[in-house]
Amino acid sequence: NVPVSRHPSPRAPPPFRHHTLKSYKMPRDIEYSEKYCDCKYEYRHVILPKEMVKNMPKRLLTEREWRGLGVQQSRGWTHYEIHKPEPHILLFRRPLGTDPKTGKIDPKLLKEAQARTQQ
């Protein structure tokens with residue numbers, strides 16, 4: 001018998017239960033920016049209703065968590081930064097050349113994206 005710890009790993013973020021948020025907000029209340037890029041990444045920001053932030057953790061969200069909030073976008077996006085003055089704005093990025101259906105880098109899409117950024 002191996003003892004099982006009931007405490008999560010100290011490195012694991014505490015569980016975030018999005019169902020504790022008021023459920024009257026619908027995904028239509030979420031605003032999405034246009035995509036923009038540099039030579040490595042494609043970026044976008046997502047604006048949540050401010051009242052949603054009150055019950056959100058003060059850390060980066062996993063894909064499961066931000067999708068649970070109602071954020072809808074193709075695969076491959078990562079919540080990569082918190083802008084402390086405006087925590088209701090989620091900042092996302094994904095590597096250039098990411099296939100939006102699989103979330104994986106496609107060499108053909110990467111070459112096309114790199115060509116566009118050099119123009």
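Side chains included, hydrogens not; waters and symmetry mates left out as well; all remaining heavy atoms used.
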Engineer: May I have the step-by-step check of side chain to side chain contact (heavy atoms under 4.5 Å, CB included) for Leu61 and Arg64, ending in yes or no?
Structural biologist: CA-CA 8 Å; Leu61 302 177; Arg64 185 176 193 175; over 6 Å; no
Engineer: Quick check for you: to the nearest 0.5 Å, what is the distance between Asp29 atom CG and Glu51 atom CD?
Structural biologist: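 Reported value, rounded in 0.5 Å steps: 8.0 Å.
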Engineer: With sequence neighbours left out, write down each residue that passes salt bridge (Lys or Arg N to Asp or Glu O under 4.0 Å) with Glu81, or none if nothing qualifies.
Structural biologist: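 Not a single residue meets the salt bridge (Lys or Arg N to Asp or Glu O under 4.0 Å) criterion with Glu81.
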Engineer: Output a table of donor-acceptor pairs, distance under 3.5 Å, between side-chain atoms of residues 87-98 and any protein atom two or more places apart or on a different chain; print 'none' if there are none.
Structural biologist:
unit_1: Arg94; atom_1: NE; unit_2: Glu42; atom_2: OE1; d: 2.8
unit_1: Arg94; atom_1: NH1; unit_2: Ser74; atom_2: OG; d: 2.9
unit_1: Arg94; atom_1: NH1; unit_2: Arg75; atom_2: O; d: 2.8
unit_1: Arg94; atom_1: NH2; unit_2: Glu42; atom_2: OE1; d: 3.3
unit_1: Thr98; atom_1: OG1; unit_2: Pro95; atom_2: O; d: 2.5

Engineer: Could you see if Ile47 belongs to whatever hydrophobic cluster contains Met52? Use Ile, Leu, Val, Met, Phe, Trp, Tyr and a side-chain cutoff under 4.5 Å.
Structural biologist: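 No, it is not one cluster - the side chains of Ile47 and Met52 are not joined through contacts under 4.5 Å.
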Engineer: Measure the NZ-NE2 distance between Lys35 and His45 for me, rounded to the nearest 0.5 Å.
Structural biologist: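 Separation between the atoms: 13.5 Å.
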Engineer: In terms of hydrophobic clusters joined by side-chain contacts under 4.5 Å, are Val46 and Tyr36 together?
Structural biologist: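 The answer is no; the residues belong to distinct hydrophobic clusters.
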Engineer: Could you pull out the closest heavy-atom pair between Ile30 and Pro49, with the gap in Å?
Structural biologist: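 Smallest heavy-atom distance, with atoms named: CG1-CD, 4.2 Å.
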Engineer: For residues 104-116, run the donor-acceptor check on the side chains, cut-off 3.5 Å, and write out each pair with its distance to 0.1 Å, sequence neighbours left out.
Structural biologist:
unit_1: Asp106; atom_1: OD1; unit_2: Lys108; atom_2: N; d: 2.8
unit_1: Asp106; atom_1: OD1; unit_2: Leu109; atom_2: N; d: 3.4

Engineer: Between the side chain of Arg44 and the main-chain N/O of Trp77, is any donor-acceptor distance below 3.5 Å?
Structural biologist: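 Absent.
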Engineer: Mind running side chain to side chain contact (heavy atoms under 4.5 Å, CB included) on Trp66 and Gln72 for me, showing each step along the way?
Structural biologist: CA-CA 9 Å; Trp66 55 258; Gln72 298 175 359; over 6 Å; no
Engineer: Where the side chain of Glu86 meets the backbone of His83, is there a donor-acceptor pair that is under 3.5 Å apart?
Structural biologist: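 Absent.
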Engineer: Any ring-ring contact (aromatic ring centres under 6.0 Å, His included) involving residues 97-119? Give me the pairs, sequence neighbours left out, ordered by first then second residue.
Structural biologist: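 Found none.
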Engineer: Measure the spacing between OH of Tyr80 and OH of Tyr43 and express it to the nearest 0.5 Å.
Structural biologist: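 Tyr80 atom OH to Tyr43 atom OH measures 5.5 Å (nearest 0.5 Å).
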Engineer: Answer whether the closest heavy-atom distance between the side chains of Met56 and Leu69 falls below 4.5 Å.
Structural biologist: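 Of all side-chain heavy-atom pairs linking Leu69 with Met56, at least one is under 4.5 Å.
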